[in-house]
Amino acid sequence: MTSQPLSLLTQDGTYQSQMALPLDPGSIDCAQLLRDMIMTRRVDSEAIALQRQGELGLWPSLLGQEAAQVGAAASLFPRDVVFPTYREHGVAWCRGVDPVNLLGLFRGTTMGGWDPTENNFNLYTLVIGAQTLHAVGYAMGIVRDGDVGTGDPERDRAVLVFLGDGALSEGETNEAFVWAAAQNLPVVFFCQNNQWAISAPYSVQSRVAVAQRAQGFGFKGIRVDGNDVLACLSATREAMAAARSGNGPTLIEAFTYRRNPHTTSDDDGRYRSGAENDVWESLDPIERLKNYLVGSNKIDQDFLSKVGAEEQELAEKLRAGCRALPNPAPDHPFRNTYAEMPKELEDQMIEHLSFVETGA
Amino acid sequence: MTSQPLSLLTQDGTYQSQMALPLDPGSIDCAQLLRDMIMTRRVDSEAIALQRQGELGLWPSLLGQEAAQVGAAASLFPRDVVFPTYREHGVAWCRGVDPVNLLGLFRGTTMGGWDPTENNFNLYTLVIGAQTLHAVGYAMGIVRDGDVGTGDPERDRAVLVFLGDGALSEGETNEAFVWAAAQNLPVVFFCQNNQWAISAPYSVQSRVAVAQRAQGFGFKGIRVDGNDVLACLSATREAMAAARSGNGPTLIEAFTYRRNPHTTSDDDGRYRSGAENDVWESLDPIERLKNYLVGSNKIDQDFLSKVGAEEQELAEKLRAGCRALPNPAPDHPFRNTYAEMPKELEDQMIEHLSFVETGA
Amino acid sequence: MTAQPSTMPIAHALNAGLRDAMESDDKVMLLGEDIGQLGGVFRVTDGLQKGFGDLRVVDAPLGEAGIVGSAIGLAMAGYRPVCEIQFDGFVFPAMNQITTQLAKYRHRSDGKISLPVVIRIPVGGGIGAIEHHSESPEAYFAHTAGLKVVTPSSPQEAYDMIRAAVRCDDPVIFLEPKRNYWLKGEVDLSRIPGPLEKASIVRPGEDLTLVAYGALLPVARKVADVCAEEGRNVEVIDLRSLSPIDDETILRSVERTGRLVVAHEASRSVGLGSEIASRVQDAIFHSLEAPVIRVTGYDTPYPASRLEEEWLPGLDRILDAIDRSFSY
Amino acid sequence: MTAQPSTMPIAHALNAGLRDAMESDDKVMLLGEDIGQLGGVFRVTDGLQKGFGDLRVVDAPLGEAGIVGSAIGLAMAGYRPVCEIQFDGFVFPAMNQITTQLAKYRHRSDGKISLPVVIRIPVGGGIGAIEHHSESPEAYFAHTAGLKVVTPSSPQEAYDMIRAAVRCDDPVIFLEPKRNYWLKGEVDLSRIPGPLEKASIVRPGEDLTLVAYGALLPVARKVADVCAEEGRNVEVIDLRSLSPIDDETILRSVERTGRLVVAHEASRSVGLGSEIASRVQDAIFHSLEAPVIRVTGYDTPYPASRLEEEWLPGLDRILDAIDRSFSY
Ligand SMILES: Cc1ncc(C[n+]2csc(CCOP(=O)(O)OP(=O)(O)O)c2C)c(N)n1
Ligand SMILES: Cc1ncc(C[n+]2csc(CCOP(=O)(O)OP(=O)(O)O)c2C)c(N)n1
Ligand SMILES: [Mg+2]
Ligand SMILES: [Mg+2]
């Protein structure tokens, strides 16, 4: 019942075209994709290191999912809008969110960390599935703005929402599918099936592929190799183009693997063997793209050295930036609960600030 | 994308066998089905009359859905368990629930009205979709009792849960699909697609048939003519047999029509035309079965007279029974909130009863 | 729109308020089950889809999480959605979106993002309804920081408050006392709505303060009438805003009267009455001549409708509480 | 099982209690996300799937409505399911099943059907967690008639109360103070659990009553120590049962002391503190020498963890409230 995920690149870097994944690789800045994937991985590994040093409370690693995220993100126009889960550091990177700002949530200095409107990249959502409905609502807004199906490439836009395989089981996610389908909304659901929801293997959620879910709601589902950045890019580009032009939603399943524990707090030795991990390490998405680019002489050692230097710079910026993230002011929660602070809350704030001041 | 609902009987009463709907009509007591449908309709029309007379606050009519309900119910063994919505008066009838007891909820004398364990027929559920999860849980219990797939016809059992087309949009219903599929539970979802959820036509919920939803979750969906009692019986019997023998869930869509307003409080003239109703009146499920039975000489006038007399008796019983339904005692809510009444609640009860006594 | 005050029931006043809001801001839109051609089961949105089209008045799929969740997304996209939850008992599937998303988003975004979403809910009992159609869920919302919770008690308040709620940049839970939908009153359609969060003294008095809201306001007025005959001047306060609570108005009143009774339909424990009692005894301990007394629904599920008349806090139970207050 | 008291943290005491409950009744089963091989994110169910199999310890699909809804069905089928909600902030998708179904079913069935479902939820802040992992949702449940709501504060209480909760024929919301999961104490594994709904005086005193529960108990004890140094004898009551509330124990205490402070982490408005204050001032108005004072989380969303230490009610804020009480 479950078909093989579609791919364009073999692990050794051979490009094989696919009817279902239209792409002209010559038109793609593949080196940029590689750079984004490398930088993304560095953000991730630096954050893990910062967590180990006690600078972050927790970090959800994306190791192994770089192709899925960078591929999906590469399909976006600036005016498209993204709703992430808590693991889309690669998408954030591609959208231009300062990676230092990704750390605040996990350092405990903020609940958000960036202005969602600045890069059309919304805040991380920790409640599984909740963001799928926000994406649907935003897409309804796009329809009402008349920014769909106009044929004007400067105007049409769509929403890309990320979710995990576990999120497929939440009622809210399925309601999002209902709304998107019934109203033919410009929204693309991008599910990274990394095969685990913390300790639950995908079999706890379902016996059929993620992509198949869409059929039940009457829209298109497509299953791609999530470790193949070109496959992810092609599928998402097609889906976003369809959404922008008024042809409704798509569910993309990027079949991949969460190579690290769920978060730095998780102990995955309790529920899975390293052997599985070895297999997926051998399917590393960065190596795959590198093999392709080196094999076809699209990049050289110079390029890789330059990216290596950039990485280094980024790492230093992250470390310094993390430590420099300002603690929130004690009045922060009070000032940001309502547009205007109610009297009783102001009293509470005054009481609180007096405690804080007296060091009590 | 949406296939024609499968049927066995044409409106003029011709039987046409169907690969997908195995049935030996000779083995079925069709006269009994007809009787149940007629009696069910009478329960309904009497309840409507009682509502008009002010004896009931409200009544959700099943007019037009008798075949779906009686057909589904006829597939059940006594040990199977039913979870209804609020409209399954026909199923209740077939399960042996005293129809007078259906009235209490709508008269305001109870929130329930019968003992769910007596006929393995659970209480009506008004919160759309909520009962689908109870059905799933009950089916998990059956699995844990070891009462599935034993091959012992006295032992294997399954759950039949009813839902409407509108309920397909609730998150909880979809979670029920997730659980039923992933755990391969002995539960059959029977959806009466009567094409309306109050004023919302089915197109508000979905652009594809109800039955197709199941595919997305990886189990079987089947679409039958809901006005054809034999088609409904066959599909449900197959599905229940599969469930009992450990082959997991099925979603049955019985495509039919809600010929009355949503409830007696509804004014359907505001949102639909009578023309649609006329079409569906001409597809009346009772007439259809009658045509078949009379045409094939399986019943005669005698039979119909006898049922007519039974109907009359039932009507009188309902009218008298409704008026005789006891008002709940004023201490009812207090006594039934907890197994043991907490002290503070007892104080509230005493306070309350003193008000009631002094007529205040 | 006319400048002449006209007489209309609460349901029509809400309809007029929504219509005004939609006319004056084309980002205002409505979302809910059966709100289009049917006009809602209580007809509050009657004619609005016809007037504003089905992109602005949306018949929603049957899912409350979807209604509130998509309203959040719409608000992020610059709209001001007004959701209708069909009955009080059906708001619970939306609780996750309301509490973990809607209420917290301003805080999460460090104040950068407002979610001007209104959630209208017909609430309360007394209409002979079946289960889940007579609930009073205000305490869940009033406990949730980040939400405003308001309830009108008259056609004028309904008209004013719904317009103010739509204009409010915070999420507003707008509770409509359903048993009084058809209660008529004068409505001045040219009135500029005042602040949402003010309580109002609807009848001044010196001897005891009676705080009520929503459907109990007419009962509270009647209580005051009866007391007046007995020579007791009861000051009746319409709470209007259940979160935030207008402490000032209540405290100044109780400082004068020394006695306070709070009435609501919702269950007693951890309800609005508890909050008001708790605040008042703390703020003006020495001004109280008697304890604050709550007259509320009991701590049971809402009963079968044959019992509701007695179960609901009514004239006699409130009068009894007042007697008890004076017995101190 | 040993009859010797042994020292263990709350998490292990809960594990032992669940194990005992499963051993003594094979209808007891567990349902939740990651409770099987992982043993739950807090390891409370560690080893139980290994011991009792995956039909009795079920790794649930990622849906809280599904967890509670299917527990209801299992209870109807004669089982006694114990659900785990992974974190406090994730109980809201299950609110519909909890409030409209679980809490009401006994009443709906005219007392014929019991739903012995336990819902375990790690609650509260103070562990440096991210959003939705530090919530205190007790007020939502305590306001809902038909639910029992309890919370242990020590390993012995945890062991006793979880067993009593599983045996209880009513639905029980079982709140586990997560920041104290690793707090150790002696546990007598042969103790027969007492009634769930009793508060307990964990430290007697004559001058002021301090009511707290869950994670604040150790803080309350420390407060009492500090006060004792100042010559003030604070009586500390562990509420244990948040619904129903054991009025008797509180009232008898406050009658003696004349002063009451209530502390909890949840937001102040319409919280448990409001309820207790409200009841006490009503029941023993003349015994109070000062108003009941609440020390609580503020009426804001739970803040970013860098702020939580100060935001949470701690020693100093409670001491300050006690000073204020004595100032009357
Ligand atoms: C509503 C809700 N329930 C439970 C959790 C706890 N939780 C956090 S992540 C997670 C697993 C998510 O798995 P998946 O959707 O596959 O995403 P992944 O972490 O693999 O990226 C769970 C159960 C949550 N965050 N929200
Ligand atoms: C959770 C919830 N939301 C809203 C309602 C109000 N309501 C009652 S019946 C109904 C329509 C149900 O339609 P469908 O599922 O098709 O069943 P039908 O009435 O057609 O049998 C609605 C919206 C409800 N009962 N429960
Ligand atoms: Mg996953
Ligand atoms: Mg329907």
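Note on naming: letters A, B, ... go to the chains in the order of the sequence lines (proteins, then strands), and numbering restarts at 1 for each one.
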Has the side chain of [X] got a donor or acceptor atom that lies under 3.5 Å from a matching backbone atom of [Y]?
X	Y	answer
Arg108(C)	Ile113(C)	no
Ser327(C)	Arg324(C)	yes
Arg317(D)	Thr296(D)	yes
Gln101(D)	Ile98(D)	no
His264(C)	Gly273(C)	yes

Only pairs of heavy atoms separated by less than 4.5 Å count here; which of [options] has the most with chain D?
options	answer
Glu64(C), Arg268(C), His143(C)	His143(C)
Ser269(C), Ala65(C), Ala277(C)	Ser269(C)
Met95(C), Gln97(C), Lys104(C)	Lys104(C)
Ser274(C), Ala304(C), Ala103(C), Ser243(C)	Ser274(C)

Search all heavy atoms of Asp169(D) against all heavy atoms of Ser114(D) and return the closest pair with its distance. O-CB, 3.5 Å

Assess whether a salt bridge exists between Arg294(C) and Asp282(D), defined as any Lys/Arg side-chain N lying under 4.0 Å from an Asp/Glu carboxylate O. no

Validation row: Leu242(C), Tyr213(C) side chains within 4.5 angstrom (heavy atoms): yes

For chain C, find its close neighbours in residues 119-137 of chain D: heavy-atom separation under 4.5 Å, sorted by number, or none. Glu131(D), His132(D), Glu135(D), Ser136(D)

Residue selection (most heavy-atom pairs with chain C, distance under 4.5 Å) from [options]:
options	answer
Val280(D), Asp299(D), Val292(D), Leu272(D)	Val292(D)
Ala145(D), Ala94(D), Pro291(D), Pro301(D)	Pro291(D)
Ala142(D), Pro244(D), Ala266(D), Ala290(D)	Ala290(D)
Gly271(D), Gly89(D), Gly146(D)	Gly271(D)

Check whether [X] gets within reach of chain D through its side chain, its backbone, both or neither, counting any heavy atom under 4.5 Å.
X	answer
Thr99(C)	side chain
Thr144(C)	both
Arg106(C)	neither
Leu288(C)	both

dist Ile276(C):CD1 -> Ile250(C):CD1 (nearest 0.5 Å) comes out at 4.5 Å

Identify which one of Arg279(C), Lys198(C), Arg240(C), Arg252(C) satisfies the salt bridge (charged side-chain N to carboxylate O under 4.0 Å, His left out) criterion when paired with Asp246(C). Lys198(C)

Ring geometry between His286(C) and Tyr328(D) (parallel below 30°, tilted from 30 to 60°, perpendicular above 60°): tilted

So what's closer than 4.5 Å to chain C heavy atoms on Glu138(D): side chain, backbone, both or neither? neither

Worked check of side-chain contact (heavy atoms from CB on, under 4.5 Å) between Arg259(C) and Asp207(C): CA-CA 7 Å; Arg259(C) 300 176 199 279; Asp207(C) 300 331; over 6 Å; no

